[in-house]
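Structure first, then comments.
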Amino acid sequence: MSIDWGDAPAWAAILISVLGTAYAILDGRRRDRNQAAEAAQQATLNEESAQISQRAAEAAERRAAAAERRADAIEAIVRQMAVRPGGGHETRDGHGRPGGRPGGRPGGGIPGGIVAPPRRTRPESQEVAWQVEQVRRSLFRLRNTGTGTATGVRMDRARMNRIVRNVPENAVVQPGEATEFIMVGAAGSPVPAQVWVTWEGQDEPVAVPVPAT
């Protein structure tokens with residue numbers, strides 16, 4: 001096809017075609033970069049989420065081991081208290097229950113022969129306090145800065161409106177300990193200014209400020 005170099009409409013059509021092709025190429029490259037960035041972000045989030053789950057499982061094992069050690073210590077104390085002074089041991093009745101020293105009171109002087117461990121008072125809700133710490137760009141920690149152990153800890157997902165993972169659901173957080181979670185701003189929006197937390201004894205959600213990024 002011959003082109004009339006003086007034909008302005010033909011040149012305009014050629015220019016539009018070239019620009020359209022160039023835009024399509026650049027737009028395709030942009031989409032590829034965005035998809036690669038999203039894939040890299042998802043891979044990072046998946047890795048961090050797996051690490052958080054592993055650390056949470058290890059912490060749960062440590063708490064279970066500590067609780068078992070405390071139970072063993074209490075049992076040992078009970079056994080020592082059941083031993084009568086002077087090195088003798090208590091007697092037992094026909095049912096194997098502590099019967100105390102011969103001629104003495106049951107249980108080595110304890111009425112009923114039962115030695116109860118010291119009662120532990122349940123921490124009140126006001127003894128629990130929270131602080132959000134930002135570890136990395138998308139990794140946060142909800143730390144119990146109070147003096148009481150918080151049980152049934154939950155974070156309100158509905159108020160976060162962000163990409164979140166590993167949000168605590170019925171978690172146990174002891175004083176000084178923290179539970180980790182992932183929070184990413186969606187569609188370029190920043191992370192929320194606060195998260196809302198409830199726990200056993202505190203049914204009304206409490207706002208905990210999120211550090212400004």
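Only this structure's heavy atoms are used, side chains among them; waters, hydrogens and symmetry mates stay out.
Shortest non-hydrogen contact noted between F181 and R141 is CE2-C, 4.2 Å. Pairing each heavy atom of G146 with each of P175, the nearest pair is O-CB, 3.4 Å. For the residue pair M183 and F140, the shortest heavy atom distance occurs at O-CE1, 3.5 Å. The nearest pair of heavy atoms linking P192 to V210 is O-CB, 3.4 Å. When all heavy atoms of R143 and G176 are compared, the closest pair comes out as NH1-O, 2.7 Å. Across all their heavy atoms, M160 and V164 have their closest contact at CE-CG1, 3.4 Å.
At least one side-chain heavy atom of V172 sits under 4.5 Å from a side-chain heavy atom of T149. Considering only heavy atoms from C-beta on, V208 stays 4.5 Å or farther from Q194 through its side chain. In this structure, P211 and V132 have side chains that are in contact, with non-hydrogen atoms separated by less than 4.5 Å. Looking only at side-chain heavy atoms (C-beta outward), T198 and P205 come within less than 4.5 Å of each other. At a threshold of 4.5 Å between non-hydrogen side-chain atoms, the residues Q174 and N144 do not count as touching. By the 4.5 Å heavy-atom criterion applied to side chains, R154 and N170 are counted as neighbours. Proximity of Q202 to V128: side-chain heavy atoms (C-beta onward) are nowhere separated by under 4.5 Å.
Between W130 and W199, the gap from one ring centroid to the other is short of 6.0 Å.
The hydrophobic clustering, which links ILVMFWY residues whose side-chain heavy atoms are closer than 4.5 Å, places I163 and I182 together.
Separation of atoms CZ (R136) and CD (E180) is listed at 8.0 Å; rounding is to 0.5 Å. For the atom pair E127 CD and T147 OG1, the distance stands at 4.5 Å (nearest 0.5 Å).
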Original post:
After noting the C-alpha distance and the side-chain angles of E200 and T151, does the key distance pass the side chain to side chain donor-acceptor pair (under 3.5 Å) rule?
Top reply: CA-CA 6 Å; E200 186 177 347; T151 59; 2.6 Å; yes
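Under the side-chain hydrogen bond (donor to acceptor under 3.5 Å, both in side chains) criterion, R69 pairs with no residue at all, not counting sequence neighbours.
Among V173, V167, V197, the single residue meeting the side-chain contact (heavy atoms from CB on, under 4.5 Å) criterion with L142 is V197.
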